[in-house]
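Proteins get letters first, then strands, A, B, ... in listed order; numbering begins at 1 in each.
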4 protein chains.
Amino acid sequence: MTNRSYICTVILLIMAKGEETRQFIIEKAAPIFNTKGIAATSMSDIMEATKLSKGSMYVHFENKDVLACAAVEHNMKLLSDRLQRVLSGRKTAEEQLLAYIDFFSDPNHPPVVGGCPLLNFGMEADDTNPIVKEKVNRAIKQGQELLTGIIEKGIANKEFRADWSPSDFATVLFAMLEGGHLMSRMSGNNDRMEVIGDSLKKMIGENKV
Amino acid sequence: MTNRSYICTVILLIMAKGEETRQFIIEKAAPIFNTKGIAATSMSDIMEATKLSKGSMYVHFENKDVLACAAVEHNMKLLSDRLQRVLSGRKTAEEQLLAYIDFFSDPNHPPVVGGCPLLNFGMEADDTNPIVKEKVNRAIKQGQELLTGIIEKGIANKEFRADWSPSDFATVLFAMLEGGHLMSRMSGNNDRMEVIGDSLKKMIGENKV
Amino acid sequence: MTNRSYICTVILLIMAKGEETRQFIIEKAAPIFNTKGIAATSMSDIMEATKLSKGSMYVHFENKDVLACAAVEHNMKLLSDRLQRVLSGRKTAEEQLLAYIDFFSDPNHPPVVGGCPLLNFGMEADDTNPIVKEKVNRAIKQGQELLTGIIEKGIANKEFRADWSPSDFATVLFAMLEGGHLMSRMSGNNDRMEVIGDSLKKMIGENKV
Amino acid sequence: MTNRSYICTVILLIMAKGEETRQFIIEKAAPIFNTKGIAATSMSDIMEATKLSKGSMYVHFENKDVLACAAVEHNMKLLSDRLQRVLSGRKTAEEQLLAYIDFFSDPNHPPVVGGCPLLNFGMEADDTNPIVKEKVNRAIKQGQELLTGIIEKGIANKEFRADWSPSDFATVLFAMLEGGHLMSRMSGNNDRMEVIGDSLKKMIGENKV
DNA sequence: TATGAATGAGCCTTCATTCAT
DNA sequence: TATGAATGAAGGCTCATTCAT
């Protein structure tokens with residue numbers, strides 16, 4: 001190993017250390033923020049969860065807001081990644097839509113600890129935190145685009161009727177799942193979510209070729 | 001006026017005064033809690049809004065939780081009352097359903113300051129505050145019953161098809177409006193809510209006799 | 001005692017309580033700020049000195065800056081009051097000037113704990129705290145006016161020569177005492193201050209009629 | 001070059017590098033300490049000014065106190081050197097005294113960034129930092145000796161009257177300049193300093209042979 | 001020598017709550 | 001009922017300093 005490459009390795013390792021810790025903190029913090037909310041989560045909560053010192057948090061995050069934002073993004077990415085993994089196992093558009101619905105079908109045991117981060121952070125941030133609000137907005141748009149794309153693909157593949165509006169159904173599906181999430185989490189059971197899933201599946205069935 | 005009856009009057013006035021103040025505090029506090037959230041609202045915020053002294057709050061409310069609960073209920077009642085007033089002006093079931101949808105059609109200028117209290121408090125409380133969570137749950141159930149009742153009435157009146165499931169559509173309608181509320185508040189415009197309103201109205205149309 | 005006057009008394013007492021505590025805090029805080037400096041004095045230092053709780057400080061002072069300003073003013077007023085008391089015992093202008101000089105003649109046992117607040121706070125604030133800086137500036141101006149007035153009175157009374165410039169000598173006297181204060185506090189003895197006192201007295205003597 | 005001498009050279013270079021960095025840090029730190037004060041200056045401030053890492057500071061300075069002391073000395077040496085340079089251009093004692101006064105005549109644009117370090121550090125240190133206090137004390141003494149020497153030289157050269165007390169006037173001059181420095185920095189203009197300069201020059205004139 | 005991650009004590013401030021009046 | 005002074009725990013954050021690399 002040359003001297004120069006050695007130095008580079010050292011530099012990379014040093015950089016990696018910081019980034020690693022940062023990532024570690026985010027991973028520990030994300031479920032707490034998603035469960036308790038941003039305002040109700042204290043830096044001490046994160047301290048306890050990470051077993052790191054208070055000062056250490058501020059080495060990696062300028063302040064609580066920055067950490068909270070990172071946690072918001074992590075939660076949304078986690079949800080998105082898990083969803084993508086599920087969808088990637090399905091071939092047809094119909095299968096993907098059904099998988100999408102099933103993915104969100106159990107709000108009391110949600111894919112991400114604490115429940116839907118869009119709902120959680122969106123409702124907390126809407127009147128108080130424009131940065132988080134915009135993050136949620138973007139994530140919703142991406143979700144819409146994903147769904148729209150699936151339906152368009154289904155229409156192109158002659159799975160679905162050509163006169164079905166992809167973007168409108170994407171909106172309806174998304175809204176119903178979020179609304180069902182709220183209802184089921186409040187009641188503690190998934191009765192309402194089942195009704196919603198069935199309704200959505202029926203709508204899909206009605207638009208099959 | 002006898003001495004005794006005089007004393008009673010005074011006591012009643014004092015009690016009345018107390019109840020009045022209590023109500024006054026709730027009315028001032030409700031929009032703050034609904035906008036900022038329970039955790040992020042401090043007793044000082046309420047103090048400032050009411051121009052009352054710190055100690056005075058604790059004369060009327062045992063602690064912040066009790067006040068927060070009262071504010072939650074007030075917000076939900078406000079929403080319910082305003083909705084009822086709108087519905088009471090409509091005669092047919094169809095008119096009432098359409099009015100219901102229109103009532104929630106502008107999430108960026110919502111019927112209650114801060115947006116839908118069910119969504120706001122529900123999402124904050126779901127993992128942290130069982131009492132508020134149960135209040136929201138009950139309010140959702142009442143909303144469902146209201147909608148179910150309207151549809152049942154419509155079926156009885158031969159407005160709607162007899163094979164339409166009142167409770168299922170109540171769930172779908174409710175969920176879609178809540179989901180649309182989230183989407184529209186995040187984007188800052190009502191585009192998605194319009195799509196949802198149109199979809200719901202189309203569903204209703206399809207079930208007219 | 002009428003009911004109304006009773007209420008007024010109660011109100012006054014209540015108001016007095018707060019003001020009393022506020023004054024108490026200032027009195028305890030003033031020597032600490034003057035000794036350690038504003039930046040180096042912590043709210044905990046004041047807590048300890050007053051035996052009051054940390055929260056209690058913030059009932060009476062919005063923040064540390066406000067308390068520090070109050071302490072600065074208290075120190076300057078204390079100095080001014082004590083000086084006035086000394087001067088008020090002297091009749092002629094010459095006696096007053098000599099008393100003024102003597103008043104400041106022992107910087108290692110200064111009239112106000114911590115030394116001259118003008119020097120202490122002025123030097124700390126000059127580049128960092130415009131509010132305190134202006135307070136010191138005004139106090140210096142008042143000191144100058146006091147001295148100028150004494151000399152003018154002496155000229156009017158034919159104690160001093162008419163061609164003596166009151167404001168110029170006020171400046172010279174003030175500057176020499178402040179400079180002497182610095183020198184003597186650094187050396188720990190009053191040697192330099194004695195030289196300065198003698199020089200000033202000689203100058204006064206040279207301008208006697 | 002032998003192996004040993006090579007190693008020695010490397011060590012020397014490293015030491016030289018170290019000393020260079022140390023000096024670099026002091027130069028960047030000095031104006032900050034002199035402007036904000038020791039207590040209000042953080043190691044982070046120095047870090048930012050030097051663009052060096054936190055750990056690097058502690059390679060060159062055991063702790064903040066050591067760095068602060070070095071900065072104090074640097075500020076005093078800077079002042080002294082600049083003064084010496086000015087004085088060295090003057091031949092007669094009178095010229096030197098006048099140059100000395102002029103050197104300090106504009107406290108709002110002082111020879112050293114942040115104003116007179118004797119006043120700044122002296123007032124901060126007097127009750128809290130004996131080491132810095134002693135440094136300031138020594139610097140004052142040196143200043144006094146410098147002035148005394150100039151006057152003695154002037155007397156020896158028959159520029160000044162033999163009955164003029166060199167050390168007394170050195171004290172008076174020094175004190176007046178420091179006092180004027182305070183007054184002018186507080187007011188933001190040099191009015192008072194001009195009065196003081198004129199007074200001093202008049203005194204010098206009165207003692208010319 | 002130089003780096004920057006890690007530490008924990010301490011900073012200023014706000015919080016919900018209590019209490020004497 | 002109403003006041004606001006008093007409390008102390010907890011909040012977010014900065015500090016000087018250490019240490020492995």
Query raised in the report: Is the shortest side-chain N/O distance from B:H60 to OP1 or OP2 of F:dA2 below 4.0 Å?
Result: yes

Report task. Give a yes/no on whether any side-chain N or O of D:Y58 is located under 4.0 angstrom from OP1 or OP2 of F:dT17. Result -> yes

Query - Short side-chain N/O contact to E:dT14 OP1/OP2 from B:S44, under 4.0 Å - result: no

Query - Interatomic distance, C:D45 CG vs E:dA9 P [rounded to whole Å] - result: 18 Å

Query - Gap between atoms CE and P, on B:M43 and F:dT7 respectively (whole Å) - result: 20 Å

Query raised in the report: With sugar-phosphate meaning primed atoms plus P, OP1 and OP2, does A:T50 contact a base, only sugar-phosphate, or nothing at under 4.0 Å between heavy atoms?
Result: nothing

Report task. Report the residue (C:K64 or A:K51) whose heavy-atom-nearest nucleotide on DNA chain E is the more 5′ of the two. Result -> A:K51

Report summary line: Whichever of B:V59 and D:G55 has the more 5' nearest nucleotide on DNA chain F, that residue is B:V59

Query raised in the report: Which pair of non-hydrogen atoms, one from D:Q23 and one from D:H74, has the smallest distance, and what is that distance?
Result: NE2-ND1, 4.1 Å

Report task. State whether B:S53 places a side-chain N or O below 4.0 Å from either non-bridging phosphate oxygen (OP1 or OP2) of F:dG4. Result -> no

Query raised in the report: Under a cut-off of 3.5 Å for both distances of each Watson-Crick or G-U pair, what dot-bracket string does DNA chain E give, using [ ] for crossing pairs and | for inter-strand pairs?
Result: .||||||||||||||||||||

Query raised in the report: Do the non-hydrogen side-chain atoms of B:V59 and B:T21 ever get within less than 4.5 Å of each other?
Result: no

Requested in this report: Answer yes when B:D45 and B:K36 have at least one side-chain N-carboxylate O distance shorter than 4.0 Å, and no when they do not.
Outcome: yes

**Report entry** Any side-chain heavy-atom pair of D:F33 and D:K64 under 4.5 Å
**Finding:** yes

Query raised in the report: Counting only N and O atoms by type, is there a donor-acceptor contact under 3.5 Å from the side chain of B:N75 to the main-chain atoms of B:V72?
Result: no

Query raised in the report: Which part of the nucleic acid does A:S42 contact within heavy-atom distance under 4.0 Å: base, sugar-phosphate only, or nothing?
Result: sugar-phosphate

Query - Distance in angstrom units between D:I38 CD1 and F:dA16 C1', rounded - result: 15 Å

**Report entry** Whole-Å gap separating P (F:dA5) and CE (C:M47)
**Finding:** 19 Å

Report task. To the nearest Å, give me how far apart CZ (A:R22) and C1' (E:dG4) are. Result -> 15 Å

Report task. Specify the separation, in whole Å, of atom CE of C:M57 and atom C1' of F:dG8. Result -> 14 Å

Query - Close side-chain approach of C:V113 to C:N34, heavy-atom, < 4.5 Å - result: no

Query raised in the report: Side chains of B:I46 and B:K28: closer than 4.5 Å at any heavy-atom pair?
Result: no

Report summary line: 5'-most contact on DNA chain F (nearest-nucleotide basis), A:N63 vs B:K54, goes to B:K54

Query - d(CD, C:E20; P, E:dT21) in whole Å - result: 13 Å

Report task. Send over the distance from C:I46 CD1 to E:dT13 P, rounded to a whole Å. Result -> 12 Å

Report task. State whether D:S56 places a side-chain N or O below 4.0 Å from either non-bridging phosphate oxygen (OP1 or OP2) of E:dT3. Result -> yes

Query raised in the report: Which pair of non-hydrogen atoms, one from C:I38 and one from C:E124, has the smallest distance, and what is that distance?
Result: N-OE1, 2.8 Å

